[in-house]
Protein chains: 2
Amino acid sequence: MRKDSTSNNGSSRPESTPKQLRSFERSLPMALLRAREAVMREFRAALRRHGLTEQQWRVLRALTARDEMEILALADVTFLLPPSLSRILRDLEERKLIRRRVIPEDLRRALVSIAPRGIAMIETVGSQSEKTYSEITRRFGADRLRALHELLASLEHSLSEPKPAASPKKRALHARTRAPDLRQRS
Amino acid sequence: MRKDSTSNNGSSRPESTPKQLRSFERSLPMALLRAREAVMREFRAALRRHGLTEQQWRVLRALTARDEMEILALADVTFLLPPSLSRILRDLEERKLIRRRVIPEDLRRALVSIAPRGIAMIETVGSQSEKTYSEITRRFGADRLRALHELLASLEHSLSEPKPAASPKKRALHARTRAPDLRQRS
DNA sequence: GGCTTATGCTTAACATGTTAAACAAAAGCC
DNA sequence: GGCTTTTGTTTAACATGTTAAGCATAAGCC
């Protein structure tokens with residue numbers, strides 16, 4: 001729905017408004033951004049209270065699921081770029097929330113694991129977080145939430161498949177042009 | 001430069017999840033982040049080709065829908081913080097993609113509008129963008145896409161309502177702790 | 001009118017993400 | 001064994017987002 005362009009100024013407003021571009025609201029990226037922001041707003045306060053950024057939390061969360069993880073693997077699951085992760089790990093290590101050890105067989109690689117203080121942190125924040133999650137589920141509806149998860153996963157899957165025409169390279173896991181996000185301050 | 005993270009080592013997936021924390025994959029913020037990234041990956045190339053960042057594109061898109069817009073209103077719809085928008089507008093103005101005029105009745109405020117070159121840009125990139133959109137729709141399915149949009153809007157709406165208990169303030173339009181995202185380089 | 005407060009927007013300072021380069025270790029090759 | 005290439009990670013330089021302060025104008029009050 002364009003807005004007819006000739007309301008007050010005829011100045012530079014060529015009536016030939018760009019085709020029928022979909023309305024801003026129907027933009028999928030915007031919708032996803034807004035939804036994500038709405039969700040994160042619920043969680044951010046708790047994280048901030050504990051001096052964790054969203055990314056740091058993602059790292060701790062990811063580590064909770066595995067005993068030890070290599071750094072690049074961690075970068076993959078947390079959706080962080082290696083340089084960012086590098087800084088985050090340094091920080092978390094200083095705060096004794098995680099531990100890191102070099103793999104003896106290959107001195108380039110390192111394994112990261114969550115430290116006791118990190119586990120404690122996860123438990124504290126995690127329980128609040130789960131409460132928030134329940135609240136979200138209650139407000140939004142468990143069935144809708146499930147449906148949403150399914151659609152999101154499906155969307156991701158649909159798009160990850162190579163495009164029919166023109167698929168020159170098989171960019172590995174984190175492609176150069178990956179993604180960001182960003183978040184609060186500690 | 002491969003990077004198949006967890007291919008060689010078997011450290012993929014221990015089912016020994018320490019706590020009762022929901023698995024990382026079931027985290028709604030992560031799911032939204034991944035989905036958005038999957039979608040944006042499809043659009044980014046075209047934007048980059050035209051030297052537009054995602055945010056700049058959002059601004060132009062938003063301006064296409066209206067004749068003129070005040071800056072703070074623009075910040076709202078584009079989900080950008082005023083300082084970021086301020087820089088973006090300066091840049092877009094230098095590139096003659098937008099125009100800005102002060103409101104005579106209130107010299108503090110300004111109205112921004114898209115300039116002819118901006119419209120041209122929108123048309124070029126927009127048509128490619130719509131093609132990409134069609135492609136996404138085709139791959140994902142129009143019905144599922146519609147369902148997804150609906151769920152996202154509904155989620156956003158569910159969460160925007162004041163929580164039952166404790167709703168101290170009515171933070172106006174853009175709350176302090178808003179959101180970011182971030183993106184490519186120009 | 002003169003004073004204080006509020007508003008719209010920008011600038012400044014800082015934190016963080018991004019990209020490219022650097023480094024060290026391992027793997028391949030002769 | 002040397003040599004080159006590849007791999008895992010970090011550092012450096014830069015772009016961008018974020019927060020707080022600044023500035024100018026407007027509005028409210030006396």
Side-chain angles (χ1 to χ4, degrees), chain A residues 33 37 44 48 51-56 58-59 69-76 78-93 100-112 172-186, chain B residues 1-9 11 33 37 40 44 48 51-59 69-76 78-93 100-112 172-186:
Chain A
L33 182 59
E37 185 48 30
R44 246 188 295 270
R48 184 171 291 223
L52 286 178
T53 65
E54 193 192 324
Q55 291 83 341
Q56 294 169 338
R58 290 217 294 268
V59 169
M69 227 188 302
E70 280 189 43
I71 294 185
L72 289 185
L74 190 54
D76 264 353
T78 55
F79 239 67
L80 292 167
L81 292 175
S84 296
L85 182 56
S86 191
R87 278 195 294 218
I88 290 172
L89 290 179
R90 168 163 40 79
D91 187 62
L92 293 178
E93 195 175 15
R100 179 196 322 230
R101 70 181 184 91
V102 172
I103 303 180
E105 298 82 44
D106 186 342
L107 302 181
R108 295 170 301 184
R109 315 202 282 190
L111 286 169
V112 184
L173 288 175
H174 30 15
R176 261 78 183 82
T177 314
R178 225 275 278 73
D181 63 311
L182 184 44
R183 214 96 307 231
Q184 99 216 106
R185 184 113 305 140
S186 68
Chain B
M1 293 225 159
R2 257 296 108 324
K3 161 50 177 106
D4 45 353
S5 61
T6 52
S7 64
N8 51 351
N9 63 354
S11 69
L33 181 59
E37 183 50 29
M40 280 313 301
R44 230 165 333 245
R48 184 171 291 224
L52 287 179
T53 64
E54 194 191 324
Q55 291 82 342
Q56 293 169 339
W57 173 245
R58 290 216 294 267
V59 170
M69 229 190 297
E70 280 189 44
I71 293 185
L72 289 185
L74 190 55
D76 262 353
T78 55
F79 238 66
L80 293 167
L81 293 175
S84 296
L85 181 56
S86 191
R87 280 194 294 217
I88 290 171
L89 291 178
R90 168 163 40 79
D91 187 63
L92 293 178
E93 195 175 15
R100 174 191 332 226
R101 71 183 184 90
V102 172
I103 302 180
E105 299 82 43
D106 185 343
L107 301 180
R108 294 169 302 181
R109 314 202 285 189
L111 286 169
V112 184
L173 287 175
H174 27 23
R176 262 78 182 80
T177 313
R178 226 275 278 70
D181 64 310
L182 185 45
R183 214 97 310 227
Q184 99 215 106
R185 181 113 306 137
S186 67

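Letters A, B, ... mirror the listed sequences (proteins, then strands); counts begin at 1.
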Between [atom2] of [N] and [atom1] of [X], the distance in whole Å:
| X | N | atom1 | atom2 | result |
| --- | --- | --- | --- | --- |
| B/Leu89 | D/dT16 | CG | P | 14 Å |
| B/Leu92 | D/dT16 | CG | C1' | 14 Å |
| A/Leu80 | D/dG8 | CG | P | 18 Å |
| B/Ile71 | C/dT7 | CD1 | P | 18 Å |
| B/Asp106 | D/dC23 | CG | P | 20 Å |
| A/Arg109 | D/dT6 | CZ | P | 18 Å |
| A/Leu81 | D/dA15 | CG | P | 17 Å |

Would you mind telling me which of [options] lies closest to the side-chain atoms of [X]?
| X | options | answer |
| --- | --- | --- |
| B/Ala110 | C/dT16, C/dC9, D/dT9 | C/dC9 |
| A/Arg87 | D/dG17, D/dT19, C/dT18 | C/dT18 |
| B/Arg48 | C/dT19, D/dG17, C/dA26 | C/dT19 |
| A/Arg90 | D/dT11, C/dC9, D/dG8 | D/dT11 |
| B/Leu107 | C/dG17, D/dT10, D/dA26 | D/dA26 |
| A/Pro83 | D/dT9, D/dT11, D/dT16 | D/dT11 |

query = What about A/Arg108, does its side chain sit under 3.5 Å from the base of D/dT9 through a donor-acceptor pair?
reply = no
request  = Would you tell me if any nitrogen or oxygen in the side chain of B/Gln55 comes within less than 4.0 Å of OP1 or OP2 on D/dG17?
outcome  = yes
